[in-house]
Amino acid sequence: MNECSQNNVFASKYLDNPIFGIVSDVAVSLGVRAFVIGGYVRDCFLGKKSKDIDIVVEGSGTAFAREVGRRVHSRVSVFENYGTAMLRYHHTEIEFVGARRESYNRDSRNPIVEDGTLEDDQLRRDFTINAMAFSLQKDDYGTLVDPFGGIKDLDKGIIRTPADPDKTFDDDPLRMLRAVRFATKLSTWEKYFNITPECFASIRRNASRLQILSKERIVEELNKILVTDHPSMGFDLMDKAGMLQYILPDLLKLKGVQMLEGRAHKENFTHTLQVVDNLAEMEVEAISQGLLHDYEPSENGFTESLRTEPNVWLRWAALLHDIGKPASKKFDPVTGWSFHGHEVIGGRMVPKIFTGLKMPLNEKMKYVQKLVSLHLRPQALVTEEVTDSAVRRLLFEAGNDIEDLMLLCKADITSKNEHKVEVLKSNFDLVMGKIRQVEEKDAIRNWKNPITGDYIMELYGLPPCRLLGELKDAIKEAIMDSECDNTFEAADTLLRRLAAERGLVPAEKR
Ligand code: ATP
Ligand code: MG
């Protein structure tokens, strides 16, 4: 990073993608100046590969994009409302925007936009580390243009706004969440990225402005924070900045320790954040070992693939796993504090929380709900003896999400009592072993009852009625309890016996 300490860095080594040469040629032929700006430049100096490239043009961004699109034979998507355009070049998204000056109306995060110079455009950017640009002009190709000292801030791990923070955050409150996201995402154990005290104080003052943001934009940032390596940092920052009450107020209810008759319960907010971090670490590790899979619904059931990226919904499940605790909290003078049934209450809260954040109530929500509802089950299994039938039931209920559920349960072990941790971990290994054994014998994960309602109706000439459900349930229970083999023949024999006990005679024998 030493070379970064100079103000003007010759950085053409970062511009090896042929698109930059093409943009440079187009700039000459259209008689405008063009620069690569923002995340791409920042990530070059961080030694990271950027997924997308932002080009700023002193002139019309959309006209410029059309000309580049013509030369590289790529379709250009134009967003007239925003004055931006995008095209894809060898799997990289290239975004074009005209350099602009922005002013804001207090009731909206949509700015009033005027044409501006590169410097105007850099001043409207969120953070100094995101406001750096490389020139693409022929005479100074690759020169770093960094009027606000972004390179020094990157070196020192500082997040601050180019303009007055109060104005920056008031104009567009999303920037407060972006500050938290970049601090969380860029921080490593070796080097922290800190929001400057001045910016942080400004975020605290402006936190209530988060209310004007659309939920969709908030969730986009939350998701990006959740998939970092240590999401707790982001939630901790949001908490300290007074932002959480406008984002996820239910999470705040987990805070605090109550003491009665000298007995205190666990601090559930810190515990939750610890679980999210544990899970992030374990998931990254498991992904690198090729131990996790993703399952997508398909025509004949589902398709399985090796997981390569963190599953944001698993992170949501960790974040919400104890969300039902405040509502289930009880104190008993003999047994102390309890949170009985918090997983059931938590499971019921998931759709409400998703609705509040305008997140879709689809299979992802059901997955989060399932994990929250089941998160105590694996540990509960070992309180007595791990029976086959209990494991079969768990496998049946968790289905393909069993790997993720087990990861969540392991991440949930945060006790400071080393002996307790040892016991819990060995219990956990016991359940894992048993799951493997049961799975080897039988495919319970995606279990389907070998006896269908149609089959029973046809066999006994019955109309749709409650009895069908009762018979199917009895067969399911018997298979789960290993009292009946998981085959059609065994299930059919059992069905005929149960039906006979209820006085039913097969239609063909009447
Ligand atoms: P990444 O793509 O890795 O998340 P990025 O910095 O590229 O990071 P984008 O959201 O792609 O972030 O935005 C591109 C650039 O646009 C940023 O680097 C920043 O300069 C600017 N920018 C984005 N959102 C805002 C905003 N709300 N206010 C001011 N500038 C912004
Ligand atoms: Mg980007």
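Start at 1 and go down the list; that is how both ligands and their atoms are numbered. Keep in mind the model is a prediction, meaning the values are calculated, not measured.
- Residue contacts with ligand 1 for K51 are absent, since no atom lies close enough (heavy atoms, distance under 4.0 Å).
- Between R125 and ligand 1, a contact under 3.5 Å exists for at least one N or O pair.
- Of the candidates T168, V56, D52, D52 brings a heavy atom nearest to atom 2 (O) of ligand 1.
- At under 3.5 Å, not a single nitrogen or oxygen of D54, backbone or side chain, sits near a nitrogen or oxygen of ligand 1.
- In summary, D121 and R100 do not engage in a salt bridge, as defined by a charged side-chain N under 4.0 Å from a carboxylate O.
- With E283 contributing its side chain and P310 its backbone, the two residues share no donor-acceptor pair below 3.5 Å.
- The only option from D401, N362, D404, N400 that meets the side-chain hydrogen bond (donor to acceptor under 3.5 Å, both in side chains) definition with Y367 turns out to be D404.
- Ligand 1 places these atoms under 4.0 Å from at least one heavy atom of R124: 29 (C), 30 (N).
- K253 has a carboxylate O that lies under 4.0 Å from a charged side-chain N of D250, or vice versa, which qualifies the two as a salt bridge.
- The shell of residues lying under 4.0 angstrom from ligand 1, judged by heavy atoms, includes F182.
- Of the candidates D126, V97, L186, the one placing a heavy atom closest to atom 30 (N) of ligand 1 is D126.
- Distances shorter than 4.0 angstrom do not occur between any heavy atom of E95 and any atom of ligand 1.
- Not a single donor-acceptor pair under 3.5 Å links the side chain of Q289 to the backbone N or O of L291.
- The pair D236-K240 counts as a salt bridge, with a side-chain nitrogen and a carboxylate oxygen less than 4.0 angstrom apart.
- Here's the thing with R175: one of its N/O atoms is less than 3.5 angstrom from an N/O atom of ligand 1.
- Contact atoms of ligand 1 toward R181: 1 (P), 4 (O) (distance under 4.0 Å to a heavy atom of the residue).
- Within the 4.0 Å heavy-atom shell around ligand 1 one finds R178.
- A salt bridge does not link E114 with R101: none of the charged nitrogens is closer than 4.0 Å to a carboxylate oxygen.
- A tilted orientation is assigned to the rings of F96 and F64, their planes being inclined by 30° to 60°.
- The G39 neighbourhood of ligand 1 comprises atoms 5 (P), 6 (O), 7 (O), 18 (O), with distances under 4.0 Å to a heavy atom of that residue.
- Remark: ligand 1 atoms within the under-4.0 Å shell around heavy atoms of G38 are 18 (O).
- Residues D239 and K255 are paired through a salt bridge, judged by an N-O separation under 4.0 Å between the basic side chain and the carboxylate.
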Evaluate the ring pair (Phe, Tyr, Trp, His ring centres under 6.0 Å) criterion for residues F35 and Y141: first the C-alpha distance (whole Å), next the side-chain angles of each, then the deciding distance (0.1 Å), finally the verdict. CA-CA 9 Å; F35 302 82; Y141 190 81; over 10 Å; no

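- If you look at N130 next to ligand 1, the close heavy atoms, those under 4.0 Å, come from the backbone and the side chain alike.
- Within the 4.0 Å heavy-atom criterion, neither part of K48 lies near ligand 1.
- Counting the atoms of ligand 1 from 1 in the order shown, those under 4.0 Å from a heavy atom of K185 are 3 (O).
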